[in-house]
Amino acid sequence: MDFQLTEEQLAVQAAARDFAQNELWAGVIERDEHQKFPAEQIKKMGELGFMGMMVSPEYGGGGMDTVSYVLAMEEISKVDASCSVIMSVNNSLVCWGLEKYGTEEQKRKYLPRLTSGEIIGAFALSEPEAGSDATSQRTTAEDKGDYYLLNGTKNWITNGTTASVYLVIAQTNPELKHRGINVLIVEKGMEGFQTAPKENKLGIRGSDTCSLLFTDVKVPKENRIGEDGFGFKFAMQVLAGGRIGIAAQALGIASGAYELSLKYSKERKAFGVPISQHQAIQFKLADMATNIDAARLLCLQSAHDKDAHQDYAKSGAMAKLFASKVAMDTAVEAVQIHGGYGFVKEYHVERMMRDAKITQIYEGTSEIQKIVISREILK
């Protein structure tokens, strides 16, 4: 086993850290307060290569490994989880899915613009009655010969109002159940396609989340990814990789909250000494540091498995399950360490606590991760 990062991986980590600290930190509270989409920041992330890290250079990507992606996700998430989820969806779900399963024409048409940050993508699976139960697709894609007629509603879509390209999961053959599901590339501006108003959320408020409405949208057959009926398998494959990205996001939120807490504990005095000298605080910091290191190892393990072309269903689910719990627990303790200051926006940790919760819900709830893990260990 080798626990050392390569020079290239360390360089990616340093670049992501510098960008997060120098470009994201200054306006993060304002973006959260006003639900302001970080358009300028995302454009710069595209220019720096963070929006298509694992895509082949042939299509404009960085050609990097998943470990580098995890390292960058952690650093971005330490400062702004809204930016990191936009980055995660574009990288893990949209770009990876297109490059892995798309046609050559689809890849050349969409990937260069997605990786450069010129446009961003969205992944549309969840519905009012189909989130964790991904097989129950009510959105339909009726086969009309040379096109599909798309009808239905999608919920909780990250990048919903700002994306230009949407990978939409829809049912074509209900009698075949999950084997009758397809995935279609839908572009903003297609007739009959509308986005609902943004959701007013607890956390990741800089990221736009909304419902998508499809009314007799004509989607050309060439916009289908994979063979007829491939949609459900596509969704499961991209979500397996997406879990690694969200696990890294959760890790970053935890790391950011911990670093702020460590710094604050050395500055804040109580009973004549810095609170870091009180055992009650020391034990909190010890638990935080231990859990974060454990979560990081799980994230890197799952990334390694993916890069080695090994089965990463179990390791990815474990990483997301554990890292999301660590994010929530660490952020809550960070608020406690900050005391009354932790309850106000200026000190950042209350935002991190709000941001942490969604990591236990999206791209598969913690309960779904336990189902995935249990199935894998019982094989």
Side-chain angles (χ1 to χ4, degrees), residues 46 50-56 58-66 69-70 73 85-117 119-126 130 134 137 139 141 148 150 154 156-160 163-172 178 181-188 212 219-249 302-303 305-307 309 311-313 316-317 320 362-364:
F50 293 128
M51 297 301 285
M53 296 184 67
M54 298 173 287
V55 174
S56 168
E58 181 182 358
Y59 305 110
M64 301 179 202
D65 58 10
T66 314
Y69 170 57
V70 163
M73 275 292 296
V85 73
I86 297 164
M87 171 182 166
S88 178
V89 167
N90 208 70
N91 274 278
S92 298
L93 303 184
V94 180
C95 287
W96 187 84
L98 272 170
E99 183 171 26
K100 178 75 173 175
Y101 298 110
T103 65
E104 188 65 24
E105 182 183 357
Q106 289 168 349
K107 289 187 276 192
R108 294 201 178 278
K109 182 177 181 180
Y110 297 109
L111 284 175
R113 290 190 294 157
L114 286 165
T115 57
S116 68
I119 62 172
I120 59 174
F123 178 75
L125 172 66
S126 292
Q137 294 293 306
T139 297
Y148 289 98
L150 188 63
K154 293 293 182 179
W156 320 121
I157 307 305
T158 301
N159 303 340
S164 298
V165 176
Y166 302 76
L167 305 188
V168 181
I169 311 298
Q171 180 64 261
T172 298
H178 71 281
I181 293 173
N182 280 310
V183 54
L184 305 176
I185 303 171
V186 178
E187 297 183 22
K188 178 175 282 184
L212 310 179
V219 183
K221 269 282 179 69
E222 58 264 28
N223 282 30
R224 187 186 72 201
I225 298 177
E227 296 298 317
D228 188 22
F230 181 67
F232 181 77
K233 185 176 180 181
F234 175 90
M236 295 303 99
Q237 289 295 319
V238 297
L239 284 172
R243 288 176 191 136
I244 299 174
I246 299 304
Q249 180 192 42
S302 61
D305 289 347
K306 188 169 183 286
D307 288 335
H309 304 291
D311 188 353
Y312 52 89
K320 184 181 183 298
Y362 60 15
E363 293 197 31

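When all heavy atoms are compared, the tightest approach of G242 to S92 is CA-CB, 3.7 Å. The two residues V55 and C95 come nearest to each other via the heavy atoms CG2-CB, 3.6 Å. Nearest heavy-atom pair, A124 versus L212, reported as atom, atom and distance to 0.1 Å: CB-CD1, 3.9 Å. For Y148 against D228, the heavy-atom pair with the smallest separation is OH-OD1, 4.0 Å. Residues K188 and Y166 come closest through the heavy atom pair CE-OH, 3.6 Å. Closest approach of Q137 and Q171 over heavy atoms only: O-CB, 3.8 Å.
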Intermediate values then yes/no, side chain to side chain contact (heavy atoms under 4.5 Å, CB included), I86 and M51
CA-CA 9 Å; I86 297 164; M51 297 301 285; 4.2 Å; yes
Apply side chain to side chain contact (heavy atoms under 4.5 Å, CB included) to residues L167 and L93 and explain how you reach the verdict.
CA-CA 9 Å; L167 305 188; L93 303 184; over 6 Å; no
Is there a side chain to side chain contact (heavy atoms under 4.5 Å, CB included) between T139 and I169? Walk through the geometry before answering.
CA-CA 8 Å; T139 297; I169 311 298; over 6 Å; no
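Here CD1 of I225 is found 11.0 Å from NZ of K107. Values are rounded to the nearest 0.5 Å. Rounding to the nearest 0.5 Å gives a distance of 7.0 Å between CE of M53 and CG of N91. Taken to the nearest 0.5 Å, the CZ atom of R243 stands 11.0 Å off from the OG atom of S302. Note that NZ of K306 and OH of Y69 are 8.5 Å apart. Values are rounded to the nearest 0.5 Å. Between the OG1 atom in T115 and the CG atom in N90 there is a gap of 8.5 Å [rounded to 0.5 Å]. Distance check, rounded to the nearest 0.5 Å: CD of E58 to CZ of R108 gives 4.5 Å.
Using a cut-off of 4.0 Å between Lys/Arg side-chain N and Asp/Glu carboxylate O, E187 and K109 are scored as salt-bridged.
Under the 3.5 Å distance criterion, the side-chain polar atoms of N159 are matched with a main-chain donor or acceptor of G121. For N223 (side chain) and L184 (main-chain N/O), no donor-acceptor pair under 3.5 Å exists by modelled atom type. Remark: side-chain polar atoms of T172 are paired, donor with acceptor, to backbone N or O of A141 under 3.5 angstrom. In this structure a side-chain-to-backbone donor-acceptor pair under 3.5 Å is present from R224 to G226. Side-chain N or O atoms of Y312 include none that pairs as donor or acceptor with a backbone N or O of D307 at under 3.5 Å.
Between F234 and F123, the angle of the ring planes lies from 30° to 60°, which puts this pair in the tilted group.
Heavy-atom neighbours of E227 CD from other residues, nucleotides or ligands within 6.0 Å: at or below the threshold of 12.
Side chains of Q249 and K320: a donor-acceptor N/O pair is absent below 3.5 angstrom, by distance only. Using modelled atom types, one finds no donor on one side chain facing an acceptor on the other under 3.5 Å when comparing Y101 with Q106. Checked by atom type, the side-chain pair Y362/S126 shows no donor-acceptor distance below 3.5 Å.
None of I244, V89, V85 except one satisfies the side chain to side chain contact (heavy atoms under 4.5 Å, CB included) rule with E363; the exception is V89.
Between F50 and M64 there is no side-chain heavy-atom pair separated by less than 4.5 Å.
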